[in-house]
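Inspection log for the structure reproduced underneath, given as structure tokens.
Quantities reported herein were computed from a predicted structural model and do not represent experimental measurements.
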Amino acid sequence: MKRLGEQEIAMALRDHPEWGYDGARSAFHRDLKLRDFSEAFALMTRIAMAAEKADHHPEWSNVYNRLSIVLTTHDAGGVTKRDVAMMAAIDEMTGK
């Protein structure tokens with residue numbers, strides 16, 4: 001899979017304003033604060049099911065009601081269209 005260029009990354013961020021980009025890691029990232037642990041865990045479960053179906057898995061961490069998500073395509077050495085598709089799926093799940 002081909003890595004996205006700077007212009008494609010900028011377009012993805014424009015379309016998904018809740019996300020940021022870490023150039024050092026070549027990864028998209030998003031931090032969410034949810035109502036409580038149950039809500040965070042439920043969202044993680046929904047994301048995990050979508051990720052498994054897409055065979056594209058996020059890096060993430062969860063502390064109580066906070067969820068941090070990092071998306072990159074390790075095989076490509078950076079972000080690809082697969083990451084943008086996962087961003088869109090997560091945005092749809094969160095309503096943003």
Side-chain angles (χ1 to χ4, degrees):
M1 177 138 306
K2 183 181 163 228
R3 287 175 58 171
L4 299 181
E6 288 181 30
Q7 198 168 36
E8 293 166 306
I9 291 169
M11 287 175 56
L13 292 172
R14 184 196 70 218
D15 293 343
H16 303 280
E18 302 293 323
W19 292 82
Y21 181 73
D22 181 345
R25 293 187 68 190
S26 189
F28 294 118
H29 59 86
R30 182 173 177 192
D31 294 320
L32 295 112
K33 183 178 179 184
L34 298 124
R35 189 175 59 232
D36 55 26
F37 177 76
S38 294
E39 190 174 294
F41 191 78
L43 177 59
M44 289 177 71
T45 301
R46 290 192 306 275
I47 294 169
M49 293 172 70
E52 188 64 19
K53 190 174 186 179
D55 192 29
H56 190 60
H57 307 94
E59 298 175 23
W60 55 15
S61 66
N62 164 245
V63 177
Y64 183 57
N65 67 337
R66 297 180 188 274
L67 177 59
S68 296
I69 305 168
V70 174
L71 298 174
T72 189
T73 304
H74 296 287
D75 293 348
V79 293
T80 67
K81 290 181 181 182
R82 296 181 83 190
D83 300 297
V84 176
M86 186 60 64
M87 287 167 61
I90 293 168
D91 284 354
E92 187 173 319
M93 290 177 209
T94 62
K96 293 185 181 187

Any side-chain heavy-atom pair of I47 and P58 under 4.5 Å:
yes
Between atom OG1 of T72 and atom CZ of R25, what is the distance when rounded to the nearest 0.5 Å?
8.0 Å
Gap between atom OG of S61 and atom CG of L67 - 0.5 Å precision
7.0 Å
Quick one: pull up CG in D31 and CD in E18 and give me the separation to the nearest 0.5 Å.
11.0 Å
Is L71 linked to L13 within one hydrophobic cluster, defined over Ile, Leu, Val, Met, Phe, Trp and Tyr using a side-chain heavy-atom separation of less than 4.5 Å?
yes
Check: D15 side chain, P17 main-chain N or O, donor-acceptor pair, under 3.5 Å
no
Check E39 with K33, please: is the shortest side-chain N to carboxylate O separation under 4.0 Å?
no
Over all heavy atoms of both residues, which pair between N62 and A40 is shortest? Give the atoms and the distance, please.
ND2-CB, 3.6 Å
Report yes if the side chains of E6 and M11 come closer than 4.5 Å at any heavy-atom pair, otherwise no.
no
Report yes if the side chains of M1 and D75 come closer than 4.5 Å at any heavy-atom pair, otherwise no.
no
Within the 4.5 Å heavy-atom criterion, are V84 and H16 side-chain neighbours or not?
yes
Using side-chain heavy atoms (C-beta onward) and a distance below 4.5 Å, is R82 in contact with M87?
no
Any link between W60 and L43 through a network of hydrophobic side chains (Ile, Leu, Val, Met, Phe, Trp, Tyr) touching at under 4.5 Å?
yes
In Å and rounded to the nearest 0.5 Å, what is the CE to CG distance from M44 to L34?
10.5 Å
Min side-chain heavy-atom separation T73-R3 under 4.5 Å
no
Using 0.5 Å steps for rounding, measure from the NZ atom of K96 to the CG atom of D91.
10.0 Å
R30 and T94: side-chain contact (heavy atoms from CB on, under 4.5 Å), yes or no, with the steps?
CA-CA 12 Å; R30 182 173 177 192; T94 62; 3.2 Å; yes
With rounding to the nearest 0.5 Å, note down the distance linking CE in M49 to CE in M93.
9.0 Å
Before we go on, tell me: are the rings of Y21 and F28 under 6.0 Å apart, centre to centre?
yes
side-chain contact (heavy atoms from CB on, under 4.5 Å) assessment of K81 paired with M86:
CA-CA 9 Å; K81 290 181 181 182; M86 186 60 64; over 6 Å; no
